[in-house]
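Note sheet for the following structure.
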Amino acid sequence: MKIIVNRIIVKATCPYCGCLCDDVEVTLEDGEIYSIKNACPLGRMKINSATSNVRNLKYLIKSGNDKIEVTVDEAVEETANLLLSADKPILYGWSNTSCEAQRLGLKIAKILRGVWDNTTSVCHGTAAIATAESGIPSATLGEVKNRADLIIYWGSNPLEAHPRHFKRYSYYSKGRFVSNNARRKMIVIDVRETSAARLADKFIQVKPNSDYKVISTLHHIIKFGEPPERKAAEVNINDLMEAAKLIKEAKFGVVFFGLGLTMTGYGYCNLDALYSLIRELNRFSKWVTIPMRGHYNVTGANIVASYMTGFPFAVDFSTGKPYYNPGETTIIDLLYHNECDLLMSVAADPLGTLPGEVVSKTIGMKIIAQDPFPTPTTEAADIVLPTLICGVETGGTAYRMDGVPIPLKPILKSRLNLLSDEELLKKILERISWRR
Amino acid sequence: MKAILITARSIRQGELIEGLKHLMSTELNFCDLNPEDMLKIDVKNGDKVVLRRDNSEIFLKARCNPTLPLGLVYVIVHPEVNKLIPYNKSLRGMMPGKGLEIEIEKIP
Amino acid sequence: MDILIENGVFVERIKGRDPIVINAERKVILPGGVDLHSHFAGSKVTLGRLLRPEEHRLRHQFGNSGNHIGTGWATPTPFLCGYLYSKLGYAKIVEPAVPPLKARHTHEEMRGIPYMDKMSLLLLGNSWIIMDLIAQKRLKLLEKYVLWVLWASKTYGIKLVAPGSGEAWAWGKSITHIDDEIPNFSITPKDIIYNLARVNKEIGLKTPVHLHTNNLGSPGNYQTTIDSLKTVENLGLRDGDSPFIIHLVHAQFSSYKGDSWKTFSSGSEEVAAYINSNSHVSFDLGQIIFSNTTTMTADGAWQYNLYRLTGGKWINNDVENETASGIVPYTFKRKNYVNAIQWAVGLELALLVKDPWKLAVTTDHPNGGVFTSYPVIIAWLMNKKFRERTIEKINSKAKHIIILPSIDREYTLFETVIVTRSAPARIMGVKDGATIGIGKEANLAIYDLGDPERDLGENPVKLIKGLSSANYNIKNGLIVMKNGVPVQDFNGVTYYSGGVNESEELTELVDYYFKEYYTVEKENYIVQKGEVMHPVNVLEEVFK
């Protein structure tokens, strides 16, 4: 019989998606996870991964076709060697780690005159560009919870990517002025009938890559009360007319948008059009829009980079001062045009997530991969730097999708003798500064 | 047959991202098609298909999904699928992961 | 005469050996400057950065060794912000708009600002808990809550921004009269102003309530301003260094007459007359500078109006249960009728209010202009001819209706020291930090302003140049800046107020709002001391 010596319940901030749920409760028995309350399957999996065997356990350096195990100091030394000898390194990732680590990454990139890019460039980068074009009317999620009577999800399926979004912040949440979902309406706009679309009061199906036209058509209907003369084939106009009616009746409306808008068609123009529509709607009632950010601290990465350099992602320090031009200083463009000779990935998997045409260009490049888990990037890397899982085994600060900062907490003490992202980067920074 | 590729996430895919990526190629190796499209390229549930764009191709199993519109292929995003995605200079750093024109056909 | 400094304070005699000697002959030695209203850190500043990448290309600052130390014009990055303030001879700065829910963000940026002591003001004018407690007349509990929320966010004082109007803006509406009822809350903006000013006095905060008036920016708002100030007339004065009951922030934006943009005119005489005849009000200028800037305020409804006026970029970012906010780029133009009058209003207020101890020079950075323009304002105040040179260039219609040309007053150097150092320090309750006296904190700025025997106001160009870059900035007895070059790293303290207590009633109250209305847990709302750069609580950490 097992005798339990010590059972405690710890509050955790879930380090998975942009919802950054901070009401998760983990019961520990003798330091081991016994149960997890209030987490979705994604968060549960992430927290449990602390005890998984599939982890990067050793500091590895490539030698011939093999990787040999080295000490942390040797790994840091070799990392500093590669970084210092690189002509133009790119430091990429940063969305699955703390703001403290992100700050160190920026300092390293600046010293090296390299590039600091973030996964934003291939997920919501277009939304950031559109914000710089025209600005975004937004609010924190609690405003939606307490006030929104019309909720629109556009190109986003929270049931698969942000499972607790409905319950904590939107359709199913209870707020001060809207006490239950009977008093809310939901419209889902997507290219296919998603699981979220099935729960919606109204589902509007649009043709792939046509969102810009649909937003513009909707804007026209809102403004003039009738559809534009152009015959729109990308969407059912009656559906759109009905949606416009619901939109005009709402007291407080919100549009949550996902990669279905940021990644398709005309890219940032989709968002420019959406923001323009939201501005127009504020003439009638209150409207806001909030991006459905994927990684738990991708918003933090944009915030940290903005206040450190002025720019949210894709910051190129090669001229000695921060320079930002998405499409030129973004990771896929730099790799595709062979402009960088070293890729350091921190808490991300560029080789597993970037387009094949871009990944093929990394063959022969020096790669340093810092990650708690094995990925295609760590597999191809010249140096593998294992770390603790941020938000599970170590703490820090992260920003929710709406820009609310929330502390990450170490839930349990790791069984592995590893450093956090922050500690490891600090060592690398010290080594580089000393060597220079 | 020409079709539009939509990649998207799922709960299971989300579970596999952190630490279990090696399972993706076996667990997520399917693509959803409208039944009419399946007839058109003559595949049944579970038949192997090839998705092609320029010189890249990937092999997946077809899965019937009547809620999908015609001409759309829906694949759960994972490293294998990204092989089809091209570089596009005009997207200001973004990758064209959704709404990509591809060729799909049955593997005999 | 020698000024002696040891261990961070002014002393009568130096005990240690081989002190550093600075020859400040024919230089002007002033206490370190105090900026009591400057938006330099936090969520809205970063959103401003996100909105305007073009603005970040306007200023790149490199250190002496060629290292890039920061970027940005209206929203300089934290290190650059500390550097610029230090170069200007400043020692203490106040971030005046912290949404409680995002206080952690403000502290994260403030940690990166070197050289300066920092304070911040908490946005409480649209807080649900506060409005509910006022409506329920639970005023003792209100005092406890205010202390708790200041402590939780590690902020220093209370800021009211268009009280009640932020809540209305959450529904896309605004409140134009301080006696109008706030939607869904059976109270008025006046109730909020009165009760928080009273609470502020009761709980002994070191600085008065800072008020951004309702109707800010709109023609005819001087009446709202005077009405708001009258609301707290009967509260008497406060104890301590800072006797004022209310501090009117960026008064320039709240002192307009007229009923439309066409009839827009200056209300400075009325507002100055009120301030001259009452002792409970202090204010800062919010002087505008003709230039491009990024406006940012918690007054969301006003920013929407400004966006509609300019038709340019607009960010809105409301914070649940607490405040609104908005960001709009703006260019103040000499030839624009309204802008020209706004320019005059700020200077008129400074010249018409007789007692310099009641006011502080600010631009409401970056709303009226950037803080690096302060020396220009000093030159306008000290030199009538210099003012006239600017008046010549402004909108000709405006030129004829402003009263500024008829004001002959010129500030003495001594008066400018009061309005940039002593008065703001006194208003903020940190007088000792801006006093040259034995035992006081040794914050000094040494300037070369030319021949001190002559009238310094005579040559405004030299004056501006001299004030823009201190020869030395000495902070807590350390030389941190010499001729615009950082000498050594130094991080100032962060002052905060408030405390916790054991009251069950308070716990119950706060827990209820977190359970029902907030989207974060209470424990994550509280900023820990470890997240703050050198925290110093000016009140008791635990109160009864």
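No experiment lies behind these values; they were computed from the predicted model shown.
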Query raised in the report: Can you tell me how far the NE2 atom of C:H107 sits from the OG1 atom of A:T397, to the nearest 0.5 Å?
Result: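 Separation between the atoms: 12.5 Å.
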Report task. Kindly compute the distance separating CD1 (A:I278) from CH2 (C:W314), expressed to the nearest 0.5 Å. Result ->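 Result: 9.5 Å between the selected atoms.
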Between [options], who has the most heavy-atom pairs with chain A when the cutoff is under 4.5 Å?
options	answer
C:R52, C:E108, C:E109	C:E108
C:P78, C:P99, C:A170, C:G172	C:A170
C:N317, C:N321, C:V328, C:T71	C:N317

Measuring heavy-atom distances to chain C, does [X] have an atom under 4.5 Å in its side chain, in its backbone, in both, or in neither?
X	answer
A:Y324	both
A:V304	side chain
A:Y275	neither
A:R103	side chain
A:C21	neither
A:S173	neither
A:S134	backbone
A:F177	side chain
A:K145	side chain
A:T131	both

Query raised in the report: What's the shortest heavy-atom distance between C:L50 and A:S306, and which atoms?
Result: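 In terms of heavy atoms, the two residues are closest at CD1-OG, 4.1 Å.
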[X] versus chain A, the contacting section by heavy-atom distance below 4.5 Å:
X	value
C:F62	side chain
C:R111	side chain
C:Y517	both
C:Y513	side chain
C:E516	backbone
C:F79	neither
C:S43	neither

Quick check on [X]: does its [atom1] atom have over 12 non-hydrogen neighbours (other residues, nucleotides or ligands) under 6.0 Å away?
X	atom1	answer
A:K167	NZ	no
C:D489	CG	no
A:K174	NZ	no

Query raised in the report: Most heavy-atom pairs under 4.5 angstrom with chain C, which of A:Y399, A:F252, A:W287?
Result: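 Going by pairs under 4.5 Å, I would pick A:Y399.
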Query raised in the report: Looking at A:G320, A:A132, A:G403, which makes the most heavy-atom pairs under 4.5 Å with chain C?
Result: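 Sorted descending by pairs with chain C, the first entry is A:A132.
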Heavy atoms, side chains only, cut-off 4.5 Å: are [X] and [Y] in contact?
X	Y	value
C:E523	A:P407	no
A:P312	C:R49	no
A:N282	C:R308	no

Report task. May I ask you to check whether C:N524 and A:K11 show a side-chain donor-acceptor distance below 3.5 Å? Result ->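 Note: C:N524 and A:K11 side chains miss the donor-acceptor criterion.
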Report task. Give me the ring orientation class for C:H105 and A:Y307: parallel if the planes are under 30° apart, tilted from 30 to 60°, perpendicular past 60°. Result ->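 C:H105 and A:Y307: tilted rings.
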Report task. Verify side-chain contact (heavy atoms from CB on, under 4.5 Å) between C:E322 and A:T140, making sure each step is shown before the conclusion. Result -> CA-CA 11 Å; C:E322 291 176 348; A:T140 67; over 6 Å; no
Report task. Indicate yes or no for a side-chain donor-acceptor contact from A:D22 to the backbone of C:V520 under 3.5 Å, with no hydrogens or angles considered. Result ->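 Looks like no, no N/O pair under 3.5 Å.
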Query - Backbone of A:E133 reached by a side-chain donor or acceptor of C:K313 within 3.5 Å - result: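 No, the answer is negative, given that no donor and acceptor are paired below the 3.5 Å cut-off.
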Query - C:W128 six-ring face occupied by A:R176 cation (under 6.0 Å, within 45°) - result: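 Geometry flag: set, cation within 6.0 Å and 45°.
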Query raised in the report: Only one of A:E143, A:R400, A:R168 clears side chain to side chain donor-acceptor pair (under 3.5 Å) with C:T519; which?
Result: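 The side chain to side chain donor-acceptor pair (under 3.5 Å) with C:T519 is passed solely by A:R400 among A:E143, A:R400, A:R168.
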Query - C:E167/A:R147 ion pair, N-O < 4.0 Å - result: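 Result for this pair is yes, salt bridge flagged.
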